[in-house]
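Below you'll find the structure, written out as structure tokens, and then a few comments.
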Amino acid sequence: MVLIVGIWQFRMPSKARFGNLTAAFSLLCAFFLVLYRSGIIDGSVVMVSLAGGAIAGYAVARSVSMIQIPAMVAFQHGAGGVAAFLVSLVELTRGGHALDLMREVSGVSGLTIGALTFSGSMIASAKLANKIRQTPQTLPAHNLLMLVNIAAIVGVGTASVYAPADSLFYLYLAQIGLSAFFGILFSMRIGGADMPVLISFLNATAGLAASFCGLVIGNQLLIAFGATVAASGSILTHVMCTAMNRNIFKIILPEVKRAGKPLKKAAGLSGQRLTADTTVASAANGFERAVERIRAAKKVIVVPGYGMALAKAQMEVAVLSKKMIAMGKDVKYAIHPVAGRMPGHMNVLLAEAGVDYDMLVEMEAVNPDFYATDLVLVIGACDVVNTAAIDVEGTPISGMPILMAHKAKTVVCCNFDQNPGYSGVENPLYEKSNTIMLAGDAKKTVRQLVASLTGEKPAEKNVTDGGLSGSLDVAVDALAAAKTVIIIPGYGMALAKAQKKVVELASILEKRGAAVKYAIHPVAGRMPGHMNVLLAEVEVDYDNLIEMDEVNPLFAETDVAVVVGACDVVNPAAIELEGTPISGMPILMAHEAKKIIVCNFDKMPGYSGVSNPLYDNSKSIMMLGDAGDSAEILISNLRTMDAGPKMMS
């Protein structure tokens with residue numbers, strides 16, 4: 001019942017995380033129930049194994065970023081396959097008990113499916129992690145080799161059911177080897193846009209292997225859960241194939257030969273635009289045109305792609321969207337089913353960036369809107385907006401449904417370059433007369449767009465003085481002369497992964513003789529203790545972490561307060577204005593320090609939506625842009641101020 005309650009909450013994005021924890025808790029309870037009912041003789045072995053697995057899983061989960069989740073999921077499917085075939089092998093070879101025909105066939109099936117799931121998942125994980133080439137790879141006579149392999153698997157599997165006991169172990173090992181080889185043959189020829197289908201399929205096979213494993217050991221719980229995973233994975237595979245207009249058999253056994261008319265390759269020049277007569281506009285002209293079109297647009301659709309994830313630009317895209325909404329524009333996100341490397345990947349990336357779930361519109365619902373859309377912003381997407389899918393026959397993406405971005409009045413394409421996507425098919429969208437190409441790192445490009453719309457300089461090197469002259473010089477001189485410094489870390493520091501740079505800055509200041517402390521607001525992270533853990537990870541002495549009540553009296557005597565990715569927790573509006581969402585909330589009194597250096601991404605309000613007067617304080621020095629970059633600029637200048645002039649980047 002608890003599991004069902006957890007799954008029920010998956011219907012709503014706001015409750016999905018709690019639902020996940022609920023389901024995990026129910027499975028943990030089920031695990032201990034199985035141990036209790038089975039009468040485990042040596043519980044210490046089980047507990048040590050459980051602790052080892054938990055620690056390894058926690059370490060892996062903590063070390064991967066959102067962009068690495070698809071590779072990790074594929075790896076986990078492989079781990080499930082290993083567990084299934086190992087348990088099946090132990091049960092099949094364990095002496096002192098006889099298995100009936102059904103359990104023996106189930107055990108051999110568990111061996112087979114578990115082994116091929118393991119090897120196939122490892123190939124998929126390596127592709128998704130860019131450890132091996134992501135494009136489909138084939139061997140000579142690949143289809144024939146797979147058929148021979150299947151025949152061998154069936155033959156050895158059948159023999160192992162009826163063979164004498166003294167030869168069974170070697171037959172089981174042969175079955176594992178043949179099945180693992182089949183998994184490699186199967187996965188290596190799938191790549192590019194078909195990777196989400198491969199992940200979904202391996203999810204199903206991992207569940208099927210677990211279900212067979214449950215049959216051989218006689219565990220009804222494992223049978224049920226394995227079958228559930230197999231069924232859901234099969235449904236998801238079908239959904240993915242339907243979304244891509246693909247036949248699962250053509251994905252598993254694709255044609256090696258690729259037809260289709262070759263497309264003219266577009267010139268990959270940063271910030272350039274190709275018009276109908278192939279006249280190339282200058283980079284500056286292309287960017288200016290893009291800004292003009294964004295300002296003039298009333299309806300905007302953002303098309304995020306895997307390139308956005310690679311550039312880690314989702315935060316910047318969310319900021320740009322909020323800016324456009326503040327300008328009165330109608331903004332929505334078009335989500336293609338295979339925009340990420342696994343189903344739902346793009347939704348999670350955008351949710352992590354704080355994008356309202358209601359703004360995410362699926363392909364079928366959004367495609368009719370492109371015709372009446374003033375502007376489409378393509379961020380790191382290629383195949384999902386590639387018009388060759390509907391205009392050219394015989395390509396790897398021919399017939400695949402795409403987002404109809406080319407039907408909009410203007411398309412601004414913020415891709416790294418104009419090279420083909422994972423499919424290897426050139427994208428005619430880049431050459432259309434209504435397309436403006438802004439090639440380069442999507443994160444930097446979007447920052448520049450935000451800065452241009454707000455009338456500021458590009459965020460990477462934008463330093464404003466908030467009333468003091470000298471900007472960066474003032475900030476560096478203030479830190480160099482400071483005897484007392486309080487650093488205020490916020491959630492923006494965590495998003496920018498800037499904690500190491502912040503600690504490096506603190507170390508330099510301490511070597512110069514300054515006393516450095518960290519002011520910790522109870523809600524500086526997304527949960528109590530979050531900021532303490534982040535700083536402990538980068539080896540900040542716990543004694544230097546000072547809680548709000550203790551640190552607030554110190555600000556008035558502090559030479560410099562350095563705000564790193566924090567807004568609401570240092571917002572004086574909480575004590576100066578009534579009727580706001582943060583009115584009455586205790587804050588860190590950073591504004592009382594003699595000077596304040598603010599290393600925030602921009603001047604926009606925090607999660608409360610309340611503007612921060614600290615940014616306009618005459619004592620504040622604003623260093624806008626990525627918090628890690630700002631910290632690096634300060635570090636570089638402090639290190640070189642005695643050797644030469646201060647550096648701006």
Side-chain angles (χ1 to χ4, degrees), residues 55 58-59 61-63 475-572 574-575 585-600 606 614 619-621 623 627-628 630-639:
I55 292 171
Y58 179 81
R62 288 286 298 176
S63 64
V476 175
D477 289 342
L479 287 174
K483 298 298 181 184
T484 54
V485 177
I486 295 179
I487 295 175
I488 302 172
Y491 189 60
M493 180 193 76
L495 290 176
K497 299 181 180 178
Q499 51 266 41
K500 289 185 179 180
K501 291 295 180 183
V502 171
V503 172
E504 187 178 351
L505 175 62
S507 176
I508 291 174
L509 293 173
E510 287 173 340
K511 289 178 181 178
R512 289 175 166 271
V516 181
K517 298 184 181 298
Y518 295 81
I520 307 299
H521 193 282
V523 296
R526 289 284 79 92
M527 61 184 292
H530 185 201
M531 199 56 60
N532 302 63
V533 174
L534 277 175
L535 294 171
E537 276 187 334
V538 286
E539 300 182 352
V540 174
D541 190 335
Y542 191 81
D543 293 336
N544 286 337
L545 308 183
I546 315 298
E547 298 298 325
M548 179 175 62
D549 294 339
E550 185 180 349
V551 79
N552 267 346
L554 304 179
F555 278 110
E557 301 300 323
T558 298
D559 296 320
V560 180
V562 182
V563 178
V564 186
C567 182
D568 289 335
V569 298
V570 292
N571 192 339
I575 56 179
M585 182 185 83
I587 63 167
L588 293 166
M589 308 295 280
H591 58 284
E592 293 185 350
K594 296 174 184 178
K595 290 179 181 176
I596 309 106
I597 299 174
V598 181
C599 301
N600 282 5
L614 181 69
K619 298 185 292 183
S620 295
I621 306 168
M623 297 190 67
S630 297
E632 179 61 37
I633 290 172
L634 292 172
I635 290 168
S636 298
N637 282 280
L638 285 171
R639 283 177 172 168

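Hydrogens, waters and symmetry mates play no part in the numbers below; they use all other heavy atoms, side chains included. Model, not experiment: these values are computed from the prediction.
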Begin with the C-alpha distance, continue with both residues' side-chain angles, and end with the deciding distance and a verdict on side chain to side chain contact (heavy atoms under 4.5 Å, CB included) for Tyr58 and Ile55.
CA-CA 5 Å; Tyr58 179 81; Ile55 292 171; 5.8 Å; no
Test item: Leu634 and Cys599 side chains (from C-beta on) under 4.5 Å apart, heavy atoms:
yes
Is any side-chain heavy atom of Val516 closer than 4.5 Å to a side-chain heavy atom of Leu505?
no
Whether the side chain of [X] engages the backbone of [Y] through a donor-acceptor N/O pair (distance < 3.5 Å, no angle test) should be reported.
| X | Y | answer |
| --- | --- | --- |
| Thr484 | Asp559 | yes |
| Asn571 | Cys567 | no |
| His521 | Pro586 | yes |
| Asn600 | Ala566 | yes |
| Ser620 | Leu614 | yes |
| Asp568 | Ile587 | no |
| Lys619 | His591 | yes |

Taking salt bridge (Lys or Arg N to Asp or Glu O under 4.0 Å) as the test, write out the residues that go with Glu632, two or more places apart.
Lys501
Is there a side chain to side chain contact (heavy atoms under 4.5 Å, CB included) between Lys517 and Val551? Walk through the geometry before answering.
CA-CA 9 Å; Lys517 298 184 181 298; Val551 79; 5.6 Å; no
Passes side chain to side chain contact (heavy atoms under 4.5 Å, CB included), Val569 versus Met531? Steps please.
CA-CA 13 Å; Val569 298; Met531 199 56 60; over 6 Å; no
Show your working on side chain to side chain contact (heavy atoms under 4.5 Å, CB included) between Tyr518 and Asp541 and close with a plain yes or no.
CA-CA 10 Å; Tyr518 295 81; Asp541 190 335; over 6 Å; no
Enclosure of Glu557 CD (heavy-atom neighbours >12, cutoff 6.0 Å)
no
